[in-house]
Amino acid sequence: MDKKDEKNLKIRYLTWLYKTAKEAFDRYERKFTQLEIDEFILKEMEKELKGSYLPQGKKTLEKLVNDFRNYIAEKEKACLKLKYKGKKIDPEFIFLDVKLDAIEKAIVQEMGKDALDKIKEDYQQEMLKRIMEQKEGQ
């Protein structure tokens, strides 16, 4: 095997390591970032709906907003349960965080900072593509 083949194998392996570790880590982190966005959306909806609609639609709107508020509260409980074991952070979360950091350092060591940036961008594009191709009802 020549040097180029060896380098390509390393690139593929490091890319695969990054992808699998990042997906596992994102399973924890995405719910917390979703909460931030959901809470922002709820506040914006409450501002928009406050006193601006006719009385006949008010009860239905209040119910829908309260349903969304309850959805956020349930999501937050699930997030905390996922990331924390009792009052301590789940060791698996810590492990994944440290592992992802080590993989990123290995990529920089083997291929340079530009390669890490490219892998991160490619990962982001792949995740966006998956979201856009996801069919309703799945």
Checking side-chain contact (heavy atoms from CB on, under 4.5 Å) against Lys63, which of Asn66, Val65, Asp67 comes through? Asp67
Hey, what else clusters with Leu128 if you join Ile, Leu, Val, Met, Phe, Trp, Tyr whenever side-chain heavy atoms sit under 4.5 Å? none
Partners passing side-chain hydrogen bond (donor to acceptor under 3.5 Å, both in side chains) against Lys113 (at least two apart in sequence or in another chain): Asp117
If I take atom NZ from residue Lys3 and atom CG from residue Asn8, how far apart are they, to the nearest 0.5 angstrom? 13.0 Å
Give me the ring orientation class for Phe93 and Phe25: parallel if the planes are under 30° apart, tilted from 30 to 60°, perpendicular past 60°. parallel
Using 0.5 Å steps for rounding, measure from the CD1 atom of Ile41 to the CD1 atom of Ile72. 8.0 Å
Do Asp90 and Lys83 come close enough that some side-chain heavy atom pair is under 4.5 Å? no
Only one of Gln125, Lys118, Gln124 passes side chain to side chain donor-acceptor pair (under 3.5 Å) with Glu121; say which it is. Gln125
Around atom OH of Tyr13, are there more than 12 heavy atoms of other residues, nucleotides or ligands at under 6.0 Å? no
Could you give the side-chain donor-acceptor pairs of residues 97-112 under 3.5 Å, partners two or more places apart or in another chain?
unit_1: Asp101; atom_1: OD2; unit_2: Lys105; atom_2: NZ; d: 3.3
unit_1: Glu110; atom_1: OE1; unit_2: Lys10; atom_2: NZ; d: 3.3

Restricting to pairs with a member in residues 72-82, which pass salt bridge (Lys or Arg N to Asp or Glu O under 4.0 Å), not counting sequence neighbours? Asp38-Lys75, Glu74-Lys77
Side chain to side chain contact (heavy atoms under 4.5 Å, CB included), that's the test. Do Met45 and Leu64 meet it? Break it down for me. CA-CA 11 Å; Met45 288 171 39; Leu64 292 168; over 6 Å; no
Stepwise side chain to side chain contact (heavy atoms under 4.5 Å, CB included) check, Phe40 with Glu36: CA-CA 6 Å; Phe40 174 83; Glu36 291 173 23; over 6 Å; no
Reported CD-to-NZ distance for the pair Glu133 and Lys129, which is rounded to 0.5 angstrom: 5.0 Å
dist Leu42:CG -> Glu39:CD (nearest 0.5 Å) comes out at 8.0 Å
Check: Leu9 and Met1 side chains under 4.5 Å, non-hydrogen atoms: yes
Test salt bridge (Lys or Arg N to Asp or Glu O under 4.0 Å) applied to Asp5 - qualifying residues, sequence neighbours left out: none
Ile37 reachable from Phe68 in the ILVMFWY side-chain graph, under 4.5 Å edges: yes
Suppose the criterion is side chain to side chain donor-acceptor pair (under 3.5 Å): which pairs have a residue in residues 14-24, not counting sequence neighbours? Lys19-Glu23, Lys22-Asp26, Glu23-Arg130
I'd like to know if Glu46 pairs up with Lys43 as an ion pair, taking the criterion as any Lys NZ or Arg NE/NH1/NH2 lying under 4.0 Å from an Asp or Glu carboxylate oxygen. no
